[in-house]
Asks: 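There's a structure below that I have some questions on.
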Amino acid sequence: DLLPDERSVEWASEIIQRERKSPFFLALGFNRPHTPLYVPDKYFDMFPLEEIVLPPMPADDLNDIPREGRRLQDGTARLYKTFYEHAGEQGLKEFLQAYLASIRFVDDQLGVLLKALDESSAGKNTLIVFTSDHGYHVGEKSRIGKNTCWERSTHVPLIFAGAGVEARGVRVNQPVSQVDIYPTLLALCGLLESPNENVEAPSLDGHSLAPFFTSDEQDMWSGPSVALSATDHARTVRSEAYRYILHDGGGEELYDMDTDPNELKNLAPRKEFLETKMELRELLEALGERKH
């Protein structure tokens with residue numbers, strides 16, 4: 001039988017290929033790589049266990065972070081502890097194999113969908129947005145899962161392609177947020193840029209990403225210099241070079257993402273980074289106030 005994601009792509013492909021005279025919007029979600037990590041065997045075969053390399057997991061990694069960041073009651077930490085105690089490093093490799101297999105499976109489903117779009121009458125004038133709801137730890141920071149303020153959990157793919165995107169194959173280093181997607185769609189589709197302007201509703205959060213889609217307009221970005229994320233117990237901002245985390249109890253973390261992409265060295269206690277830390281904290285608090 002087809003898996004749910006295959007059935008969804010089959011359904012969406014049929015909708016895309018219908019002849020129509022008016023614009024349409026279609027949102028399609030994939031189950032994988034969410035657990036349970038069930039996909040056909042051939043996708044597991046693409047990632048042999050003997051070739052799986054685990055992420056950096058130093059035994060002392062959490063020693064330099066605030067007590068609030070080491071919450072043992074955190075579900076992702078409990079899962080890691082239980083998993084590692086019962087399955088060990090080999091079990092982690094099997095988990096990572098299944099995670100990679102699930103991602104590869106979704107890649108194929110996306111390919112089927114894009115092929116259907118290319119073969120339809122809408123293929124030349126459709127804007128495509130691809131993203132995810134969160135990242136995922138597979139052992140880093142003694143975690144399996146999401147719901148943290150570290151890079152692995154907060155960093156998601158965000159890809160725009162098709163109609164209205166002139167700068168193709170370009171990677172943008174400016175951190176942006178998913179709240180920027182809606183203003184971007186409004187701008188590129190010629191819709192009202194301020195749809196709440198004449199009604200009793202809050203103004204939109206987010207900023208149009210359209211300036212990044214042409215090579216000569218990237219300096220016209222009107223949004224903040226950082227992207228804000230939050231969990232139940234902490235908030236974080238990501239600049240182009242740093243990640244700053246502020247816990248509810250006041251604990252802080254600061255990482256140089258250029259030299260330390262795995263966030264192994266917390267720079268927050270070091271005096272030489274005080275100015276950088278305070279600048280990022282001010283940005284975090286300003287964005288947090290605006291959100292509320």
Side-chain angles (χ1 to χ4, degrees), residues 1-47 98-136 146 155-172 176-196 204-215 217-218:
D1 294 341
L2 294 178
L3 291 170
D5 287 335
E6 293 172 309
R7 291 174 62 86
S8 295
V9 167
E10 198 175 65
W11 167 82
S13 296
E14 189 276 325
I15 290 179
I16 285 173
Q17 292 180 319
R18 292 176 188 171
E19 292 298 325
R20 52 173 53 81
K21 295 181 180 179
S22 58
F24 71 98
F25 174 85
L26 174 66
L28 178 66
F30 294 101
N31 289 336
R32 303 285 81 82
H34 196 287
T35 54
L37 303 175
Y38 297 158
V39 294
D41 284 345
K42 69 176 184 178
Y43 294 101
F44 283 78
D45 295 339
M46 295 177 183
F47 303 95
Y99 187 67
L100 294 171
S102 298
I103 292 172
R104 184 64 176 81
F105 167 74
V106 169
D107 283 347
D108 274 4
Q109 305 319 306
L110 185 60
V112 173
L113 188 67
L114 293 177
K115 185 174 185 292
L117 179 61
D118 286 341
E119 293 173 351
S120 75
S121 59
K124 301 289 187 191
N125 66 341
T126 296
L127 173 66
I128 305 162
V129 184
F130 178 82
T131 191
S132 176
D133 50 346
H134 57 79
Y136 207 78
K146 53 181 181 178
H155 191 188
V156 300
L158 182 58
I159 301 172
F160 287 78
V165 182
E166 299 175 19
R168 307 202 171 192
V170 173
R171 179 187 177 93
V172 175
V176 298
S177 300
Q178 289 180 322
V179 293
D180 299 318
I181 295 176
Y182 185 45
T184 305
L185 295 178
L186 295 179
L188 293 183
C189 295
L191 302 173
L192 291 174
E193 292 187 9
S194 302
N196 294 343
L204 290 183
D205 282 328
H207 300 261
S208 171
L209 301 170
F212 295 117
F213 301 158
T214 59
S215 58
E217 291 187 2
Q218 293 200 14

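Keep in mind that the numbers below use all heavy atoms, side chains included, and drop hydrogens, waters and symmetry copies.
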Asks: Would you compute the distance between atom CG of L110 and atom CD1 of I159 and round it to the nearest 0.5 angstrom?
Replies: 8.5 Å
Asks: With a 4.5 Å heavy-atom cut-off, do L185 and L191 have their side chains touching?
Replies: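 Result no, sub-4.5 Å side-chain heavy-atom pair not found.
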Asks: Is there a side-chain contact between H207 and P183, using heavy atoms and a 4.5 Å cut-off?
Replies: no
Asks: From F44 CZ over to Y38 OH, what is the distance, rounded to the nearest 0.5 angstrom?
Replies: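 Reported value, rounded in 0.5 Å steps: 9.5 Å.
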Asks: With the side chain counted from C-beta on, respond yes when V165 and I128 share a heavy-atom pair under 4.5 Å apart, and no when they do not.
Replies: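 V165 does not reach I128 side chain to side chain.
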Asks: Are side-chain heavy atoms of E6 and D1 found at a separation under 4.5 Å?
Replies: no
Asks: Between CZ of R171 and CZ of F212, what distance do you get to the nearest 0.5 Å?
Replies: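 Reported value, rounded in 0.5 Å steps: 13.0 Å.
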Asks: Looking at side-chain heavy atoms only, is the closest gap between V9 and L28 below 4.5 Å?
Replies: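 SC-SC contact between V9 and L28 confirmed.
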Asks: On a heavy-atom basis, which atom in L37 and which in P33 lie closest, and how many Å separate them?
Replies: CD2-O, 3.2 Å
Asks: Taking all non-hydrogen atoms of both residues, which atom of G135 and which atom of K146 are closest, and how far apart?
Replies: O-CB, 3.9 Å
Asks: Just wondering, more than 12 heavy atoms not from E193 lying within 6.0 Å of its CD?
Replies: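 No, not enclosed.
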Asks: Would you indicate whether D41, at its atom CG, is surrounded by more than 12 heavy atoms from other residues, nucleotides or ligands within a distance under 6.0 Å?
Replies: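 12 or below, so no.
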Asks: Would you find a donor on one side and an acceptor on the other, under 3.5 Å apart, between the side chain of N31 and the backbone of D5?
Replies: no
Asks: Hey, can you tell me if F160 and F213 have their rings parallel, tilted or perpendicular (30° and 60° cut-offs)?
Replies: tilted
Asks: If you round to the nearest 0.5 Å, how far is CH2 of W11 from CD1 of I16?
Replies: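 It comes to 9.0 Å.
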Asks: For R7, does the CZ atom have more than 12 heavy-atom neighbours from other residues, nucleotides or ligands under 6.0 Å away?
Replies: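 Incorrect, the count does not exceed 12.
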Asks: Rounded to the nearest 0.5 Å, what's the gap from CZ on F30 to CZ on F130? Could you check?
Replies: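 These two atoms lie 7.0 Å from each other.
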Asks: If every non-hydrogen atom of A210 is compared with every non-hydrogen atom of L188, which pair is closest and at what distance?
Replies: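 Shortest heavy-atom contact: CB-CD2, 4.0 Å.
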Asks: Testing the basics here: between L209 and T184, what is the closest heavy-atom pair and its distance to 0.1 Å?
Replies: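 Nearest heavy atoms, L209 then T184: N-OG1, 2.8 Å.
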Asks: Any side-chain to backbone donor/acceptor pair from S102 onto R32? Under 3.5 Å, distance only.
Replies: no
Asks: Does S132 offer a backbone N or O that forms a donor-acceptor pair with the side chain of Q178 under 3.5 Å?
Replies: yes
Asks: Is there a donor-acceptor pair under 3.5 Å between the side chain of D180 and the backbone N or O of S177?
Replies: yes
Asks: Would you check if L204 and L186 make a side-chain contact, meaning some heavy-atom pair closer than 4.5 Å?
Replies: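 The answer is yes; the side chains approach within 4.5 Å.
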Asks: Is F24 close to R18 at the side-chain level, that is, under 4.5 Å between some pair of heavy atoms?
Replies: no
Asks: Working to the nearest 0.5 Å, report the span between NE2 of H34 and CG of D133.
Replies: 7.5 Å
